[in-house]
**Student:** 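What follows is a single structure, and I will ask about it in a moment.
Source: prediction; values computed, not measured.
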Amino acid sequence: ESKNWGSFFVRFSWFDTEGRMEHMSPASQAQDLQYTFDFKQVCTGPFLKFLEEGVMAVQVRAYDRGVAAGELDIVKQKLKLTEDELDRMKKQVEEERS
């Protein structure tokens, strides 16, 4: 039950990781567990072969309720998303000025 857990996140492999679960979703509060995989992969021959024959490993992990590491991870990931958005906006402003 989600009431036993503080937050969840998903680790997963993809075309670029050769089966290693190197990608990680942002941590979500237990009651909000949902994640959409957003892949921006160029459709090439090797990628199409991966889609036909490859394997994607997915692991759902959770932090115990009250574990500070889980809450800290959520804050760090929110900070990263905010920094990425700021970088994107700065680039957009620079392009508009050019």
**Student:** For residues Val10 and Leu81: do they belong to one hydrophobic cluster (side chain heavy atoms under 4.5 Å, members Ile, Leu, Val, Met, Phe, Trp, Tyr)?
**Tutor:**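 No, it is not one cluster - the side chains of Val10 and Leu81 are not joined through contacts under 4.5 Å.
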**Student:** Using the test side-chain hydrogen bond (donor to acceptor under 3.5 Å, both in side chains), find all partners of Gln41 that sit at least two apart in sequence or belong to another chain.
**Tutor:**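 By the side-chain hydrogen bond (donor to acceptor under 3.5 Å, both in side chains) rule, Gln41 matches no residue at all.
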**Student:** Could you tell me which residues satisfy salt bridge (Lys or Arg N to Asp or Glu O under 4.0 Å) with Glu85, sequence neighbours excluded, listed by chain and number?
**Tutor:**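 In terms of salt bridge (Lys or Arg N to Asp or Glu O under 4.0 Å), with neighbours along the sequence ignored, Glu85 is linked to Arg88.
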**Student:** Kindly write out the residues that satisfy side-chain contact (heavy atoms from CB on, under 4.5 Å) with Ser98, not counting sequence neighbours, or none if the list is empty.
**Tutor:**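 None.
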**Student:** Roughly how far, to the nearest 0.5 Å, is the CZ atom of Phe15 from the CG atom of Leu48?
**Tutor:**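 One finds 9.0 Å between CG of Leu48 and CZ of Phe15.
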**Student:** Applying salt bridge (Lys or Arg N to Asp or Glu O under 4.0 Å), can you list everything that pairs with Arg11, at least two apart in sequence or on another chain?
**Tutor:**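 Checked Arg11 against salt bridge (Lys or Arg N to Asp or Glu O under 4.0 Å); zero matches.
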**Student:** Taking atom CZ of Phe50 and atom CG of Asp16, what is their separation to the nearest 0.5 Å?
**Tutor:**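 Reported to 0.5 Å precision, the distance equals 8.5 Å.
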**Student:** For Lys80, check salt bridge (Lys or Arg N to Asp or Glu O under 4.0 Å) against everything at least two apart and list the hits.
**Tutor:**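 With sequence neighbours excluded, Lys80 shows a salt bridge (Lys or Arg N to Asp or Glu O under 4.0 Å) to Asp84, given in chain and number order.
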**Student:** What verdict does the side chain to side chain contact (heavy atoms under 4.5 Å, CB included) test give for Leu79 and Glu83, after you've listed the backbone C-alpha separation in whole Å, the side-chain angles of each residue and the deciding distance to 0.1 Å?
**Tutor:** CA-CA 6 Å; Leu79 175 60; Glu83 289 173 339; 3.8 Å; yes
**Student:** Verify, without hydrogens or angle tests, whether Ser13 (side chain) and Ala57 (backbone) share a donor-acceptor contact under 3.5 angstrom.
**Tutor:**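 Yes, because the side chain of Ser13 sits within donor-acceptor range (under 3.5 Å) of the backbone of Ala57.
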**Student:** Measuring from Trp14:CH2 to Arg20:CZ, what's the distance to the nearest 0.5 Å?
**Tutor:**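 One gets 15.5 Å once the value is rounded to the nearest 0.5 Å.
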**Student:** Listing request: all salt bridge (Lys or Arg N to Asp or Glu O under 4.0 Å) pairs with a residue in residues 89-98, at least two apart in sequence or in separate chains.
**Tutor:**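 Of all non-adjacent pairs touching residues 89-98, none passes salt bridge (Lys or Arg N to Asp or Glu O under 4.0 Å).
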**Student:** Relative to the ring of His23, is the ring of Phe12 parallel (under 30°), tilted (30 to 60°) or perpendicular (over 60°)?
**Tutor:**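 Parallel, since the angle between the ring planes stays under 30°.
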